[in-house]
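Contents: one structure, followed by commentary.
Positions are given from 1 along the sequence. Values in this document were obtained by computation on a predicted structure and should not be read as measured data.
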Amino acid sequence: MIKNFIKYLAGNFGKFLRNIFHLRLSRDIYKSLGFYGIFTIPLNKTNITFNNFRDEISNDIFYSGIFGNYEGFSLKIWNKLCLEAKKSYVLDIGGYSGVYSLVAASANNKINIQTYEPHPNTYNWLKKNINSNNFKNININNFALSHKDGDLTFYNSKGESPSGFSAINHNFIEKDAGTMICKAKDINYLLQNNLMDMKISLIKIDIERAELSLLKLIIKRIIQDKTIILCEILDTDLYPKFDELFIPYGYDSLLIDDKNYQVKRVKSLTGENKVGRNVLFLPSEFNFNIKN
């Protein structure tokens with residue numbers, strides 16, 4: 001009881017300092033100043049409202065800004081791509097609490113954003129964040145995407161809204177983290193029956209080491225639409241496999257360094273060192289300059 005009260009006081013004191021004095025606290029300090037409540041971030045001539053669930057992502061955005069310590073350069077690149085997108089579908093696969101979807105919606109009201117989040121509690125966070133804003137072009141879906149309809153086992157189910165929640169039983173699954181069964185739907189059926197009237201211009205995919213297997217399922221549609229993919233890749237030993245998937249179709253890779261706000265465009269990932277979690281895959285003819 002006393003510990004929770006101290007956390008409450010500390011969190012609200014940090015919130016007061018940030019709101020009133022606009023102090024830029026370091027992550028080492030503000031990581032202990034989480035709070036429950038809402039806050040707004042200005043972006044693209046509007047405001048995005050976030051619900052802080054005393055979680056790391058919300059805390060990063062509140063204290064360091066939307067292009068700050070939480071994948072700040074990736075989000076800046078994503079925002080620019082969304083600003084430039086024509087009328088089309090944008091898929092946010094592994095939407096978590098909805099940051100990427102909200103940035104996309106604030107950038108462009110002509111895109112139709114489809115967000116997928118299978119974890120029930122995380123989906124509630126997502127739903128609350130979307131409902132706290134007035135964007136009309138975000139559609140949230142409480143199921144996973146897979147090769148078929150049915151139940152799908154997820155690992156790393158420890159905690160209220162586990163960030164490592166994965167449909168892949170990989171080598172980094174935490175011991176005794178638990179499993180959870182979630183509903184899944186056939187991604188190709190959805191693409192062919194629900195999302196055929198427009199091209200898919202952008203996909204952001206962050207599903208904890210299950211990205212490659214899902215992208216393989218829809219590579220024909222990706223190539224057809226010349227879709228740009230913002231993909232989390234946690235393991236460099238998967239770089240050659242992503243090369244095998246994208247290089248034959250004339251895609252380049254953009255390694256994103258969120259810590260140092262840098263990018264490196266390469267023809268092949270194989271042999272490259274990891275500089276961050278995210279990689280942008282884009283057609284080689286696509287002239288992209290984040291400084292523009």
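Applying the side chain to side chain donor-acceptor pair (under 3.5 Å) test to Y100 and every residue at least two apart in sequence or in another chain returns E71. For S213, the side chain to side chain donor-acceptor pair (under 3.5 Å) test picks out no residue, with sequence neighbours left out. A search for salt bridge (Lys or Arg N to Asp or Glu O under 4.0 Å) contacts involving K148 returns nothing, not counting sequence neighbours. Taking N273 as the reference, nothing meets the side chain to side chain donor-acceptor pair (under 3.5 Å) condition, with sequence neighbours excluded. Legend: residues meeting side chain to side chain donor-acceptor pair (under 3.5 Å) with N142, ordered by chain and number and at least two apart, are absent.
Between A104 and W78 the shortest heavy-atom distance is CB-NE1, 3.8 Å. When all heavy atoms of Y96 and S161 are compared, the pair lying nearest together is OH-O, 2.6 Å. A85 and I111 get closest at one heavy-atom pair: CB-CG2, 3.9 Å. When every heavy atom of D258 is checked against every heavy atom of S74, the shortest pair comes out as OD1-N, 2.7 Å. Smallest separation of non-hydrogen atoms from I138 and S101: CD1-O, 3.6 Å. When all heavy atoms of N59 and Y30 are compared, the closest pair comes out as ND2-O, 2.7 Å.
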Residue pair K264, D257: steps toward the side chain to side chain contact (heavy atoms under 4.5 Å, CB included) verdict: CA-CA 8 Å; K264 181 180 181 181; D257 183 350; over 6 Å; no
Determine whether K216 and L245 satisfy the following criterion, side chain to side chain contact (heavy atoms under 4.5 Å, CB included), listing intermediate values before the conclusion. CA-CA 7 Å; K216 284 182 177 179; L245 184 62; 4.0 Å; yes
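At least one side-chain heavy atom of N129 sits less than 4.5 Å from a side-chain heavy atom of F53. No side-chain heavy atom of F154 sits less than 4.5 Å from a side-chain heavy atom of H119. I218 places a side-chain heavy atom less than 4.5 Å from the side chain of I203. Contact check for Q224 versus K220: no side-chain heavy atoms found under the 4.5 Å cut-off. Put simply, the side chain of R18 does not reach to within 4.5 Å of the side chain of L25, judged on heavy atoms.
Of the candidates I113, I200, N137, L81, V90 forms a side chain to side chain contact (heavy atoms under 4.5 Å, CB included) with just one, namely I113.
From L91, atom CG reaches atom OH of Y116 across 5.5 Å, with rounding to the nearest 0.5 Å. With rounding to the nearest 0.5 Å, the separation of NZ in K274 from CG in L255 is 11.0 Å. How far CD of E244 is from CG of L238: 10.5 Å, rounded to the nearest 0.5 Å. The CG atom of N131 lies 12.0 Å from the OG1 atom of T49; values are rounded to the nearest 0.5 Å. Here K86 contributes atom NZ and M198 contributes atom CE; the two are 14.0 Å apart, rounded to the nearest 0.5 Å.
Between F281 and Y251, the gap from one ring centroid to the other reaches at least 6.0 Å.
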Tabulate below the donor-acceptor pairs under 3.5 Å that side-chain atoms of residues 37-47 make, not counting sequence neighbours, or state none.
unit_1: N44; atom_1: OD1; unit_2: N79; atom_2: ND2; d: 3.4
unit_1: N44; atom_1: ND2; unit_2: N79; atom_2: OD1; d: 2.7
unit_1: N44; atom_1: ND2; unit_2: S106; atom_2: OG; d: 2.9

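Donor-acceptor pairing under 3.5 Å is lacking for the side chains of S166 and N156.
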